[in-house]
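Lettering of chains follows the sequences in order, A, B, ..., and the numbering in each one begins at 1. Just so it is clear, the model here is predicted, and its values are computed rather than measured.
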Amino acid sequence: MNDVLKQYFQEIRKLLLCDEKQKNRCIAELDADISSFLESKPNATLDDLYAAFGTPQSIAESFLERVDPEQLSHKVSAKRKIAFGVIATVILLAIALGITACLYAEDLHDFFSGYYVDDIEYFETVPSNAEPTPSPIIEY
Amino acid sequence: MGKRDYFRKGTIEMVVLSLISEDDLYGYQIAQAITEQSGGTITIQMGSLYPVLYKLRDDGYISERQVPIGNRKFRVYYHIEQSGKELLQDLILEHDTFEVGLSKIIAPRRTRHQEDRFNE
């Protein structure tokens, strides 16, 4: 029954639409109440549990009907903002990767076509008929 | 509550406050008391009960105390405050007024409704 209860609470946690603090509180309280129920009915089955407390879906639905609409709209609004942020980040990353790929693609094309671009350093050349610069003589 | 949730806003709050005005109770006890004392005609899902309790607590009508019951679990007992007792009186008055108004509509037509039901 412990594994069944663990799954039961996991399902409820996934379905409950409220802030994390309230979610934790609700599940902790439900856990204690179910313990009381099981004390009075030690041989209770999952069906008995569903009959007394409801399925995870029905608990989440009935919770949703009673939760403060303002809190609900904040929660939905927060989820939307997060989703928008993730989508925007993915799009920006895709654009950046695309630009980088285009720049490298051009270089790769030139390379495979036999062109090789290297940086050339220019040095100042000295004319051949110029007199050599005398080296300093050190007298001791 | 019941098969159809056709209850006025405030009904569950009134029922909860009424129960805990007599003694401090925890969530499951409240749900059990509603079922037993209504003769099984009214049942409440725990998912409906918790938000009502949290709202009443946040608004200061009830307070809570946590009692450990072993294995890192705690039971939450709810206690009615003075403001909760005043709210209960207001809700009962509202409910009674509503019932009177409702019966003025339904009562004259009750016989016909019952005959329609009999003929179905």
With rounding to the nearest 0.5 Å, note down the distance linking [atom1] in [X] to [atom2] in [Y].
X       : Y       : atom1 : atom2 : value
B:Met46 : A:Asp33 : CE    : CG    : 4.5 Å
B:Asp58 : A:Gln22 : CG    : CD    : 7.5 Å
A:Leu16 : B:Tyr50 : CG    : OH    : 11.0 Å

Legend entry - Flag if over 12 foreign heavy atoms under 6.0 Å of CD, A:Gln57: yes

Legend entry - Residues B:Lys73, A:Glu29: salt bridge by 4.0 Å N-O rule: no

Inset, instruction - Classify the ring geometry between A:Phe53 and B:Tyr28 as parallel (under 30°), tilted (30 to 60°) or perpendicular (over 60°). - result: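 It falls in the parallel class, under 30°.
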
Out of curiosity, does [Y] fall in the hydrophobic cluster containing [X] (side-chain heavy atoms, cut-off under 4.5 Å, transitive links)?
X        : Y       : value
A:Leu15  : A:Ile27 : no
A:Phe37  : B:Ile69 : no
B:Leu102 : B:Leu93 : no
B:Val52  : B:Ile44 : yes
B:Val100 : B:Ile92 : no

Legend entry - B:Arg75 to A:Ser36 - nearest heavy-atom pair and separation: NH2-OG, 2.8 Å

Inset, instruction - Counting only heavy atoms closer than 4.5 Å, note whether B:Phe74 contacts chain A via side chain, backbone, both or neither. - result: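 For B:Phe74, heavy atoms of backbone and side chain both lie under 4.5 Å from chain A.
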
Legend entry - Part of A:Ile34 within contact of chain B (heavy atom distance under 4.5 Å):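 For A:Ile34, neither part sits under 4.5 Å from chain B.
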
